[in-house]
Asks: 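Below you will find the structure I want to go over with you.
Chain naming here is simple, since letters A, B, ... match the order of the sequence lines and numbering starts at 1 in each. Since this is a predicted model, take the numbers as computed values, not measurements.
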Amino acid sequence: MVNPLYLIAVFLIGAFLVPFVDRADRRLSLGVMYFSLLYTASLSLMRLWQLFFTNGNETQVFTAGFQPPLSIALSFGFKEALLTFLVNLTGFLSGVYLAKKLGKSGVQSISILLLLMLGANGLILTRDIFNGFVFLEILSIATYALIGLKSKKNALAAGFKYMMAGGLASALLLIGIAFAYRYSGTLNLDTWGRLLIPMTLGYKIALFMIIMAFVIELKPFPANGWALDVYQSAHSGVSSLIASVHTGAVLYFFYKLLPLMPYEFLPLLAGTGLVSFLLSNLTALRQKNAARLLGYSSTAQTGLLMFVLTGLYRYNVHPSLVLFIAGGLFFTNFIAKSGLFWLAGIIKEKTTEKWSILRKQPLLLVLFGVFILALTGLPPFPAFFAKWEIIQILAQQGGWVALTAILLGSLLEAAYLLRWFGLAVRQNSDEPETASLPYLKLIPPLIGTILLFALSLFMGSQLYVLSEFMYFPLLALLVFSILDCCPLKLKGLLLVAAIGLWGWFSVWPRLMGIGQLFGLVLIGGALVQVFGFLHHKGREAGLIPLLAMLIFSLGNLLTASTKLDFFLTWEFMTLSSYLLIMRGKSSHKAALSYILFSLGGAYLILTGLSLMPPFSPGMAFYLQSGFHSIGLVSTILLGIGFLIKTGALGVHVWLPDAYAEAENEFTSVLSSVLSKAGVFGLLLVLVMAKDVLAANNLLLDALSWLGVFTAFFGALMAVFQEDVKKLLAYSSMSQLGYIILGFALMSHLGWVSGLYLTFTHLFFKALIFMAIAGVILRTGTRNMYEMGGLIKKMPISYISVLMGIIAVSGVPPLSGFGSKWFIYTSLIEQGHYFQAGLAFFASAIAFLYLYRLIHTVFLGQPKPSQQNVKEAPFWLIIPQAIFIMVIMGISLFPNYITKPISSAVSIFIEKPDWLSWTGYNITLNSPVLHGNWNGNLVMLVTMGVFGFPLLWLLLINARTQKVKQFNIVFAAERPYKPWTTHFAHNMFAHYNKALGWLITPRITAFWNGVTEWSHSLAAAFSHIYTGNGQTYLLHIFMYILVIFIVGGIR
Amino acid sequence: MSYMDKTTGIPEQGITPPIPDTGEMPDREWRKDDKTLTNAELTLEEQDWFCDARPTPAKPAWGPVEKFYNWARANSLWILAFGTGCGAIELRPLVTARYDISRLGMQPRPTPRQASVFMIGGYVSIKTLKRIVRSYEQMQGPKFVVAVCSCAINGGMYWDSYNTVKRIDQYIPVDVYVTGCMPRPEAVMAGFSKLKELILAGKAEGQNLYAEKFDWYKANQKQVIKDWNMPDYNW
Amino acid sequence: MKELYDTISLQFTLKDFHQQKPNLAFATAEKQQLIALLTYMRDVHRYTHLVFVTAVDWLEENRFQITYMLHNYDIKADFGIRVMLDRDKPVMESIHHLWEQGRVYQRELHEMFGIDFPGSPGVNEPMILEGWQGPPVMRRDFDTAKYSLETYDHRPRDTREPESHMKEKLYPED
Amino acid sequence: MSLVTKLIWTFISLGIVTIWGLTLTGIVAKIFARVQGRLGPPVWQPFIDIIKNNAKRTAVSHGIMFYLGPVFRIAGGIGTYMFIPAIYGSLYFSNFSVSGDVFLVMYFIFFGQLGMALGAGEGGHPYSAIGVARGLAQMTAFEVPFALSVISLAVQYHTLNITEIVAAQQGGILSWTLFTNPLAVIAAMIAMLGMNMYNPFSVVIAPQETPIGPPTEYSASFLGMLATNRGIFNAAKMVLFMNLYFGGATNLVEMIVKTFCIYFFSVFIGVAFPRFKTEDAIRFFLKVPTLVGILAIAVFLI
């Protein structure tokens, strides 16, 4: 066994050796430092090796061979080994990072750094409380000194404030220990823990003082003003040390003290942790200084860890699970936070606004992204698993307050972190090129990233089978990232091949019924649209990897079997789509709103899933869902979560902007494919919630009204858009409203109508979006009134849009009519007459925006600036051609789609025998409604009645002069300017006069209000940080006092 | 030269021969080829916006069919009224209950594309002439022109005006003139009846005349219309 | 109105006062003082409305007369201010900064009389006569009949005495 | 019945309805004239106009979509008629009504309007687009009471099949929808005013404001085709209304009389009222007629 004393000894010797060797050479002293750090790290690693592979049960070492209380016990088990390894490795990396600074500022700093490491190691290893106090002092004093490394005024002031706070904590601790010793008679934690000391008031107060000392050191909100100042003003390398090493060591000792504490302290501590987590995150919302922002995040994460360590005991959780959760959170935070501090040092920009210079540094950007996403708790990083477990526990045991606080806090944290990320990634900034990177400083964050991924895989595999659900999307991301230097077309075709093979051989055989349908929509639909992305000239770094990740996770969504698999895949999908939206030109705001709504939805889904019974692995989630039934709360949570993804009214706020700002081709995927994931989820919820819904009619009624209002208001808002993509975005929202409406009927016909529309919407909306992508590419604008007359330049795109709008509007003979027929018949059949009426109104309004779309873009007056516009690139035409063929096919032979849908639905809801197919004729003979639709015959008749007049016209109209755009009768005048002759801008002004009042943006105003309100609250909270050391001390006093009173310790 | 019918004041022939018809055509060198026009007065950008095809005479259909067509044309005269002067006021009584031209199958039409009779009501100034030419050319053939009022015939009381065209038939072919200052609605209707006779007799071929003598008409038009900022033929 | 004339005369050189109606009077002002006078009338005496601007060609005196007709809404009175220009050099200051509609009148005067108003927006654009290339048409030395005869082709006249013609047509046997 | 026989009968049926529709247009013009104290054009004037338009020697075309616009329009008109059984109980006049129910007809009406709108759009004339925008806006509004009325029928008769709806109305005048479900009929008849685009809902073609609306640029045989469609389409709509609300027809004479009467309602209102602005028309349709439509459904729910 490796003797832990070595760890302490090495640092001690190093610290004393440094001044001597420094006389010879500064590099020598640095060498000593690196050696000590590396050596200790390797010792810890060796210890880990021992623990795993040789049978080393013995963990305690007693100094000088005596038993306690005479000697000091050091423990070197798995936890300590892992922790010391990380601490020392981080120390080493910090050393590397700080190399230049340390070299300049002299030998004192080097030995102080070693002392700091000594303190941290000691604090982790020791089992003696007084010894812990000593090491804490060493750690703290070394920290004060290091803060002063950056000899700026505010850094020194911050160090002093820290000293004051630390002094207070130390005093508390010392007094506490002294008092406690009177009751326990021992300082050894193990011995102490075994004693059964009666909980008298005096003993409790002593214990309270001890624990509060550590709580203060853990920087709880609001008694953490000093810590924030430290984070803000210290050198970023030092900040990273404080955030990781210092906090880690103190937290671990805090953990070691917990067994001594009376049971009644635990909820108190848990509460402080939660408060700290929630409010720190809230306060951080307003923060613009990067270092201080990280400080807030750090205190918040520490608060969460405090909660996990102290709060989860209440819920009868196995201690190893608590450790797993805490470890996941801790290590993510540990690495990511140090990484971010390091990056902050490299960037040298104080405000988060300025971080857009990262855009020019792809490597830094990737690192930054990894750290941010890890902190946000997105998969595959450990924090994700930890959060998953926490929510599982809390939801199942009914810890609603904690659950709400944690999810809310996480959302707030995601808000500011991702806003920061967005600022860094945004493209419309014009920052100058930065100077060359300090490569030495790059090493630590790089290693941190690798470590983070290693840990992710480790944690993923430790508790869960490392399944394809995690493996495929990540592998796809990795492989295509490696291939990212290849030409775009090659990458794209490779991706198509990969998805094709995977989909055909791996996914498809495992799907059946409804899964096959969604497989076609999600994988097939996405696959066809991949071609559209390939028209770009450049390499389009990052596009194909993310697309690969997205499509693989979409496929996994279908084959996922357990709840975790499902949620993991869901988050992968959200993550990759978020990053893809970020690729848009000025999309950072839209992407932020997308990810926040998505995360909010994901948290609701997470909670909902947690309330569900466990799903067995092996069988696909959607198939198992037929056997389960879930409760009311779960239904509502899951339902809202999935509705957010589909963009239902009320939570649609993210939708128009995200659709408008994403890259044109990706908007197509977003609308036609990704929203269907939400539909899929919603369908599963309805399947599982059958019993609840049967008992509670109100829910379904509400859902159907929600659907029809989504359809109606989506259509109405689309009418008044000038931006072609926003128009289409609202149109998508409207169409999804019909889908929701169909599902809400909970009847066979209703579900058939919903699924039918799911299918056809994929075809026609992708068709339109792809065509419009070509138009925007060629014209360079999204405003419809700036286009016009493009039919002559882009005839194929025109045909696509024409087919698309005929299908969207539901005009026979194209397949769109089927969806209308199904929805109305199913609505009337179920007695939802008024919904049917409103749905009809909505579908009539669709004509307005569709005509506007096609007229203002393709018809009317061509603009001289678009004289030389060419047809869309070949790659964009491919998906259009495929979709046109599909639409024509299913319009002529609707049976190929309606029959499979019906049989798929009949697994869940039995097909009534009054619904029958005779040839291509669908007959409805329900006792309450008769009707029929023969798509094939309609198509043939239409062809006939169209062809006949055409022939006549061709025959009779021999002498037709082809004229140009200005050869119009213009009240005996001639037009002068095409752009004023084109009737396009504000096309439906009269409609706005009549019905515009309906769509004053109340909902957007509400969400803006939420944002505004939370920012104001954050501002109010941040006022407590005055920057005055005395005030901070007062805060600490008050804080302890309040905790004492609230805790009711007696 | 007696081109007025002595009793009705209506021209005897379908088309008054344009004078002076010396047979000299304007220089044709500037034309791109026989089928296109140069539209030389337009800027290069504007030339892209206008059709530059040259009008060509349209052959009538096979005899009996053309007779049938002419019957239909004569009984379905859709009027494009150009109220250039005081004669414009005469169209109103025509469509009201007292005279009611709709019983003859006639109706006013607001767009030249759909009209077959161009009714010029009064004196024609240069500025108006430009609009008249444009509207006339935008009508689809066969098309007929009825010019009402003395001013339209010879300038009338504006005979010495610096800005009034004295003879419209030099600029567009006119089928029927109606004299009077102003003519009574009965006279206008008599003019229309005469037009019907001409159409039925197959003599109202103003459109073809215009196409055949296009260069002459165009030269006449351009002679008085100085700021010619439109294509040579307004399709 | 006379009082008004007298009041103004204290500051401006005015002459030829002529009271045409109880609430309509004219006076002739100096060309150099005109803008100041109009501003004064508008702002001090509340003649806020510019009714019209017109011109008269005094060919014999070799002068153009421009008349600015102002109206006072309060007392419902009109006051016309005349100004005389040299016919050989007809240039006048623009009043479009006082009354926005003045530019239209000035454009018309420019087209019809050839009086120039430097600085008036769009004063050179044709107003009625598109593409007119002859002399300004309202000048009295422009002979419109001659111009017409030279420029346009006139239909040969076939004149008949109505009485004898009617008789010949209707009652040829008499 | 073989396909050939079916096609022949369809053509006969179409021919009859075309002639009747155009005659109806002529009669209406005559009625308008008489109301205004004029003699009016002869009843066969629409035929002459169509012949004349087709006999035009020149035409202009702004492009392929412009060319196809009237084709779409007339295809919409004929198609609408094709999907409606014209005479109840007659195999020969049932057209292709087996291919769908009343919703098919309601949506097929849009086919022609959409195609025409596109053709007019390619004409490049702003007035065309203005006319289309007005027409579409008004259309969305009057479709609401009409849809509610049809839903009310579906509730009443438990079917969307037009033949079945007619069948349910057989057996005397009192079993017509007009008497069994008067509210639905009121809503639908007001909606029909909008559909027929006579006053007060004639803002689409408003000749004084926008010369003639969407077909501004159309001339010659294009216009002839549009005029032909007006006859067919109007007759088809009247046949639909007759089937839905007035007991259908068992023979040609009955059909002609009933469609004339239904159409006369629209004309009757049209000659007597001035014109609504677009937004006012929208407001109008969404107030009282919609309320009546809702009531027509609500009475079945109580």
Side-chain angles (χ1 to χ4, degrees), chain A residues 789 791-792 802 806 809-812 817 820-821 824-825 828 833-834 836-837 840-841 844-845 847-848 851 854-855 859-861 921 927-934 937-938 941-942 945-946 949-950 953 956-957 959-963 965 967-969 981-983 987-988 990-991 993-995, chain D residues 54 57-63 65 70-71 74-75 78-79 82 96 98-101 103-104 107-108 110-111 114 117-118 121-126 129-130 132-134 136-137 139-140 143-144 147-148 151 154-155 158-161 164 216-217 220-221 225 277-279 282-283 293-294 297:
Chain A
I791 177 173
K792 297 197 174 62
L802 179 63
I806 292 180
S809 57
V811 168
F817 174 69
K820 303 286 181 222
W821 186 80
Y824 295 134
T825 48
I828 297 173
Y833 307 119
F834 298 119
F840 199 96
F841 192 15
I845 293 174
F847 283 96
L848 295 187
Y851 180 69
I854 197 163
H855 172 263
L859 305 174
Q861 297 283 336
N921 194 19
V928 292
L929 194 69
H930 292 191
N932 73 306
W933 171 51
N934 188 338
L937 188 56
V938 170
V941 170
T942 311
V945 297
F946 189 83
L950 182 61
L953 205 54
I956 196 83
N957 217 357
R959 261 174 63 96
T960 301
Q961 176 63 41
K962 183 96 173 48
V963 296
Q965 66 183 97
N967 290 107
I968 53 177
V969 295
T981 314
H982 189 43
F983 181 63
M987 194 167 181
F988 294 109
H990 42 68
Y991 215 64
K993 264 188 206 162
L995 293 180
Chain D
N54 281 310
R57 288 181 192 152
T58 59
V60 294
S61 163
H62 286 270
M65 199 63 222
V71 182
I74 200 164
I78 300 174
M82 285 293 115
F96 288 95
V98 290
S99 34
D101 48 34
F103 279 124
L104 177 70
Y107 268 91
F108 206 82
F110 297 138
F111 182 82
L114 191 65
L118 296 178
E122 206 196 0
H125 202 293
I130 290 172
V132 172
R134 288 175 173 184
L136 287 176
M139 181 271 288
T140 61
E143 285 292 340
V144 177
L148 288 170
I151 292 168
V155 184
H158 301 304
T159 179
L160 291 169
N161 195 311
E164 291 179 23
T216 302
E217 276 294 305
S221 44
M225 191 164 265
K277 281 196 289 182
T278 318
E279 56 264 32
I282 294 167
R283 289 191 192 112
I294 290 172
I297 297 173

Asks: Quick one: of A/H855, A/Q965, A/H982, who has the most non-hydrogen atom pairs under 4.5 Å with chain D?
Replies: A/H855
Asks: Hey, could you give me the CE/CD1 distance between D/M65 and A/I791, rounded to the nearest 0.5 Å?
Replies: 7.0 Å
Asks: Could you look at D/E164 and say if it's the side chain, the backbone, both or neither that has a heavy atom under 4.5 Å from chain A?
Replies: side chain
Asks: Spell out, as yes or no, whether a donor-acceptor pair under 3.5 Å connects the side chain of A/Q961 to the backbone of D/A59.
Replies: no
Asks: Give a yes or no on this: more than 12 heavy atoms of other residues, nucleotides or ligands lie within 6.0 Å of atom NZ of A/K962.
Replies: yes
Asks: Could you tell me whether the side chain of A/L929 reaches within less than 4.5 Å of the side chain of D/T159, counting heavy atoms only?
Replies: no
Asks: Please report the closest heavy-atom contact between A/T960 and D/S61, naming both atoms and the distance.
Replies: CG2-CB, 3.3 Å
Asks: Do A/K792 and D/E122 have side chains that approach each other closer than 4.5 Å (heavy atoms only, starting at C-beta)?
Replies: yes
Asks: Using a cut-off of under 4.5 Å on heavy-atom pairs, state which of A/I806, A/L995, A/V941, A/I845 scores highest against chain D.
Replies: A/V941
Asks: So, for D/S221 and A/I956, which heavy atoms are closest and what is the spacing to 0.1 Å?
Replies: CB-CG2, 3.8 Å
Asks: Taking atom OG1 of A/T981 and atom NE2 of D/H125, what is their separation to the nearest 0.5 Å?
Replies: 9.5 Å
Asks: Under the side-chain contact (heavy atoms from CB on, under 4.5 Å) test against D/D101, which residue among A/W933, A/Y824, A/W821 passes?
Replies: A/W821
Asks: Kindly indicate whether the side chain of A/T825, heavy atoms from C-beta on, has any atom under 4.5 Å from the side chain of D/L160.
Replies: yes
Asks: Against chain D, work out which of A/F946, A/F834, A/F841 has the most heavy-atom pairs shorter than 4.5 Å and name it.
Replies: A/F946
Asks: Can you tell me which portion of D/L118 sits under 4.5 Å from chain A's heavy atoms? Options are side chain, backbone, both or neither.
Replies: both
Asks: Do A/H990 and D/E279 have side-chain atoms, one donor and one acceptor, less than 3.5 Å apart?
Replies: no
Asks: Do D/H158 side-chain atoms and A/V928 backbone N/O form a donor-acceptor pair below 3.5 Å?
Replies: yes
Asks: Can you list the steps and then say if A/I828 with D/F103 is a side-chain contact (heavy atoms from CB on, under 4.5 Å)?
Replies: CA-CA 12 Å; A/I828 297 173; D/F103 279 124; 3.9 Å; yes
Asks: So do the side chains of A/F847 and D/L114 get within less than 4.5 Å of each other, counting heavy atoms only?
Replies: yes
Asks: Where is the tightest heavy-atom contact between A/N932 and D/S99, given as atom of each residue plus distance?
Replies: ND2-C, 4.1 Å
Asks: Testing the basics here: between D/L148 and A/G837, what is the closest heavy-atom pair and its distance to 0.1 Å?
Replies: CD2-CA, 4.0 Å
Asks: State the NZ-OH distance between A/K820 and D/Y107, to the nearest 0.5 angstrom.
Replies: 5.0 Å
Asks: Side chain, backbone, both or neither: which part of D/V60 has a non-hydrogen atom closer than 4.5 Å to chain A?
Replies: both
Asks: Assess the side chains of D/T140 and A/Y991: does a donor N or O sit below 3.5 Å from an acceptor N or O?
Replies: yes
Asks: Below 4.5 Å from any heavy atom of chain A, which atoms of D/A220 appear? Answer side chain, backbone, both or neither.
Replies: neither
Asks: Tell me, do D/L104 and A/P812 make a side-chain contact under 4.5 Å, heavy atoms counted?
Replies: yes
Asks: Decide yes or no for A/I968 and D/H62: does some side-chain heavy atom of the first lie under 4.5 Å from some side-chain heavy atom of the second?
Replies: yes
Asks: Mind ranking D/T58, D/N161, D/I282 by heavy-atom pairs under 4.5 Å with chain A and telling me who comes out on top?
Replies: D/I282
Asks: I'd like to check D/V155 versus A/Y833 (side-chain heavy atoms, cut-off strictly below 4.5 Å). Are they in contact?
Replies: yes
Asks: Taking side chain as everything from C-beta outward and backbone as N, CA, C, O, which of these in D/E217 sits under 4.5 Å from a heavy atom of chain A? Side chain, backbone, both or neither.
Replies: side chain
Asks: Looking at chain A, which one of D/A75, D/G293, D/P70 has the largest number of heavy-atom pairs inside 4.5 Å, strictly under?
Replies: D/A75
Asks: I need the residue from D/G124, D/G63, D/G79 with the largest number of non-hydrogen atom pairs under 4.5 Å to chain A.
Replies: D/G124
Asks: So, the side chain of A/N934 versus the backbone of D/V98: is there a donor-acceptor pair under 3.5 Å, distance only?
Replies: no
Asks: So which atom in D/A133 and which in A/M987 form the shortest heavy-atom distance, rounded to 0.1 Å?
Replies: CB-O, 4.1 Å
Asks: Any idea which of D/G100, D/G123, D/A154 has the most non-hydrogen atom pairs under 4.5 angstrom with chain A?
Replies: D/G100
Asks: Test of understanding: with side-chain contact (heavy atoms from CB on, under 4.5 Å), list the residues that count as partners of D/A147, not counting sequence neighbours.
Replies: A/F840, D/M106
